[in-house]
Amino acid sequence: MTARVPDPRESPETAAKENEKEVGGSGPRRDKSWLVRHFSLLLRRDRQAQKASQLFSGLLALNVVFLGGAFICSMIFNNVAITLGDVWILLAVLKVLALLWLLFYMADTVRLPHAILYRDPHAGPVWVRGSLLLFGSCTILLNVFRIGYVVSHIHCKSEVELVFPVIEILFISLQTYVLWSHSKDCIQVQMNLTRCGLMLTMATNLLLWVLAVTNDSMHREIEAELDALMEKFTGNETNTCLCLNTTICEVFQKGYLMLYPFSTEYSLICCSVLYVMWKNVGRKLSPHIARPGRPNFHLHGAIFGPLLGFLALVAGICVFVLFQIQASGPSIGPQYFTLYYSFYMIILPVMTLACLMGTIIHGLEEREMDTVKNPTRSLDVVLLMGAALGQIGISYFSIVAIVATDTQKLLNRLILAYSIFIIIQHITQNLFIIEGLHRQPLWEGPIQPQGDSIEEGPPGLRRGSVLELGQGLHRASLAYIHNYSHLNWKRRVLKEISIFLIICNITMWIMPAFGTHPEFENGLEKDFYGYRTWFTIVNFGLPLGVFYRMHSVGGLVEVYLGA
């Protein structure tokens with residue numbers, strides 16, 4: 001084919017393009033069709049709208065948090081101009097708005113056609129939803145005790161105070177149901193409204209957590225009432241608002257103080273679940289992500305890990321029961337603090353050594369690193385690192401207080417060693433879990449052995465018999481065993497370590513979650529920093545510590561299955 005003679009009026013670039021079209025050369029790529037350009041434009045606009053919606057809802061949550069934070073800080077620094085009642089009114093308004101959105105979400109959004117086309121299998125695992133149900137129930141019970149406490153002091157308290165716990169009970173009940181049922185949803189309709197509603201609800205839970213961390217008015221009131229009661233028995237008159245029925249009030253006070261950490265824990269878990277739901281709004285999942293294959297949880301011959309973990313669990317429960325029995329009395333003897341911290345001095349170094357051994361074995365493994373982008377895994381790592389800061393922060397404050405006062409007493413030495421080991425154990429356990437989460441799980445399938453691949457020809461040329469096919473599979477199996485048999489002992493040790501750490505973290509979750517907290521009861525740090533400061537530090541760190549233990553159990557289960 002001959003090239004076209006160029007027109008003198010044409011530019012050289014136009015002539016070159018025309019010649020390439022006629023000759024059939026590759027040349028520059030052709031313009032896309034109108035349909036492709038139209039769908040590309042729609043996709044670009046959809047992404048821009050999604051980014052704008054996320055930005056707007058995020059700014060909404062940020063402004064709500066700043067407003068509520070300003071109210072709470074003003075109450076702390078000037079409780080005359082801004083009282084606790086003002087903060088309760090603001091939070092009651094936010095809870096009512098979030099409650100209306102939750103009702104709208106249940107009644108309208110999820111019932112629309114094509115509302116939920118995808119469900120994220122990694123979001124809302126069983127342990128998270130179980131924790132929501134447990135801590136939500138305990139928070140509802142806490143508000144019931146609060147109502148009973150107000151009713152028992154109704155002669156000197158306002159009846160309006162009964163409204164706030166009732167609103168919170170309704171809010172927590174509906175929110176727990178929605179998060180339990182719809183934590184995996186990837187909503188495809190009313191996305192702007194859904195994002196704003198999720199962020200509003202998340203901001204409300206965050207403010208509830210901040211108020212629970214910083215508000216010690218109820219604790220101070222209970223302590224003042226007990227002191228006034230003692231003065232009354234000694235003959236000194238006081239004008240403090242006392243309870244009419246001492247026995248009933250003691251039940252309400254003990255129940256309130258014991259369940260108080262559950263409200264902070266519940267708010268933290270809700271914030272994490274709501275954030276995942278916010279990230280999943282408008283998300284579209286491919287079929288292989290929507291139904292991932294994974295093995296069931298079996299012990300697979302693990303012996304030493306479950307045995308040592310069970311011994312640690314039994315010992316922890318015995319120490320916990322003894323400490324709780326002593327804590328129910330007027331004061332806790334120093335020997336029970338010694339017993340409590342001695343248990344930790346035994347279990348923490350063992351857990352640290354197990355984590356170091358597991359991290360070394362991960363380094364010796366020949367499994368490839370999983371570099372595929374995984375938002376759920378990234379969030380798990382962030383939550384793991386962030387939650388560890390709570391107990392680490394408390395430990396550093398305790399170290400400073402002990403070193404600055406007295407390190408000669410036995411109990412002070414135990415608390416100092418306990419704080420140091422807590423920091424080391426958190427760091428080593430994070431390294432072990434994060435390293436395990438980034439390893440390629442074995443259920444993804446074995447690596448194809450090199451040199452033993454079975455070539456397949458066209459259908460008409462395949463004449464292999466069943467015997468030849470069996471020989472090919474046998475060669476592939478021998479190659480797989482040759483590549484992976486020397487790793488069996490490593491995987492076995494990883495499973496033993498993982499199951500041991502799972503039981504130990506469950507033990508260390510039970511003790512602070514359901515019992516009296518020695519960090520506040522021993523009196524050392526409270527005398528050094530002051531009541532309000534140490535109250536804020538403990539209420540900030542302990543819920544994060546309990547959340548860390550729960551989150552570690554979930555991460556260790558993933559490591560166990562991946563091994």
Side-chain angles (χ1 to χ4, degrees), residues 213-214 216 219 261 264-265 268 312 316 319-320 323 327 332-356 359 383-434 501 504-505 507-513 515-552:
V213 166
T214 57
D216 62 343
H219 294 74
T264 55
E265 192 69 32
L268 284 176
V319 173
F320 168 76
F323 192 85
I332 303 176
Q335 66 273 17
Y336 290 95
F337 284 109
T338 303
L339 176 65
Y340 186 90
Y341 287 111
S342 297
F343 167 75
Y344 276 96
M345 287 301 300
I346 297 173
I347 193 66
L348 286 175
V350 178
M351 294 176 66
T352 301
L353 292 176
C355 293
L356 288 175
T359 306
L383 291 177
L384 197 67
M385 299 295 290
L389 298 178
Q391 196 68 52
I392 290 176
I394 292 179
S395 299
Y396 275 117
F397 278 104
S398 296
I399 291 173
V400 173
I402 294 170
V403 172
T405 52
D406 184 14
T407 58
Q408 301 302 319
K409 294 181 180 179
L410 175 61
L411 180 59
N412 290 1
R413 289 181 178 180
L414 284 175
I415 297 175
L416 179 62
Y418 161 79
S419 302
I420 294 173
F421 276 116
I422 276 286
I423 296 172
I424 298 174
Q425 195 273 327
H426 277 71
I427 295 173
T428 54
Q429 182 166 280
N430 283 350
L431 290 175
F432 174 66
I433 295 176
I434 293 172
L501 291 175
C504 288
N505 277 276
T507 305
M508 300 180 74
W509 170 76
I510 292 174
M511 297 178 73
T516 306
H517 308 295
E519 293 88 349
F520 197 76
E521 297 295 334
N522 60 36
L524 174 66
E525 298 93 341
K526 183 167 60 175
D527 295 336
F528 183 82
Y529 292 106
Y531 184 92
R532 177 180 287 275
T533 303
W534 187 240
F535 179 89
T536 303
I537 293 171
V538 170
N539 276 344
F540 175 81
L542 280 181
L544 288 177
V546 176
F547 181 77
Y548 172 81
R549 294 300 173 185
M550 288 193 306
H551 200 68
S552 296

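Count residues from 1 along the sequence.
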Q. Can you tell me how far the SG atom of C355 sits from the CG atom of L501, to the nearest 0.5 Å?
A. 4.5 Å

(Q) How long is the straight-line distance from CZ of R549 back to CD1 of I510, given to the nearest 0.5 Å? (A) 12.5 Å

(Q) Could you check whether atom CE of M345 has more than 12 heavy atoms from other residues, nucleotides or ligands sitting under 6.0 Å from it? (A) yes

Q. Would you say F528 has more than 12 foreign heavy atoms packed within less than 6.0 Å of its CZ?
A. yes

Q: Assess whether side chain to side chain contact (heavy atoms under 4.5 Å, CB included) is satisfied between L544 and E265, documenting all intermediate values.
A: CA-CA 7 Å; L544 288 177; E265 192 69 32; over 6 Å; no

Q) Hey, is CZ on F540 packed in by over 12 heavy atoms from elsewhere, all under 6.0 Å? A) no

Please tabulate, for side-chain N and O atoms in residues 397-405, each donor-acceptor pair with protein atoms closer than 3.5 Å (sequence neighbours left out).
{"residue": "S398", "atom": "OG", "partner": "I394", "partner atom": "O", "Å": "3.0"}
{"residue": "S398", "atom": "OG", "partner": "E525", "partner atom": "OE2", "Å": "2.9"}
{"residue": "T405", "atom": "OG1", "partner": "A401", "partner atom": "O", "Å": "2.7"}
{"residue": "T405", "atom": "OG1", "partner": "I402", "partner atom": "O", "Å": "3.2"}

Q | Distance, nearest 0.5 Å, that separates CG of L410 from CD1 of I415 | A | 10.0 Å

Q) Can you check whether Q391 reaches L542 side chain to side chain, under 4.5 Å on heavy atoms? A) yes

Q) If you measure from OH on Y344 to CD1 on I422, what distance do you get to the nearest 0.5 Å? A) 6.5 Å

Q) What is the distance from atom CD1 of I346 to atom CE of M351, rounded to the nearest 0.5 Å? A) 14.0 Å

Q. Do we see a donor-acceptor contact under 3.5 Å between the side chains of Y548 and Q429?
A. yes

(Q) I need the single residue from T428, L348, I392 that forms a side-chain contact (heavy atoms from CB on, under 4.5 Å) with I423. Which is it? (A) I392

Q) Where do L431 and T359 come nearest, in terms of heavy atoms and distance? A) C-OG1, 4.2 Å

**Q.** Interatomic distance, S552 atom OG to F547 atom CZ [nearest 0.5 angstrom]
**A.** 9.5 Å

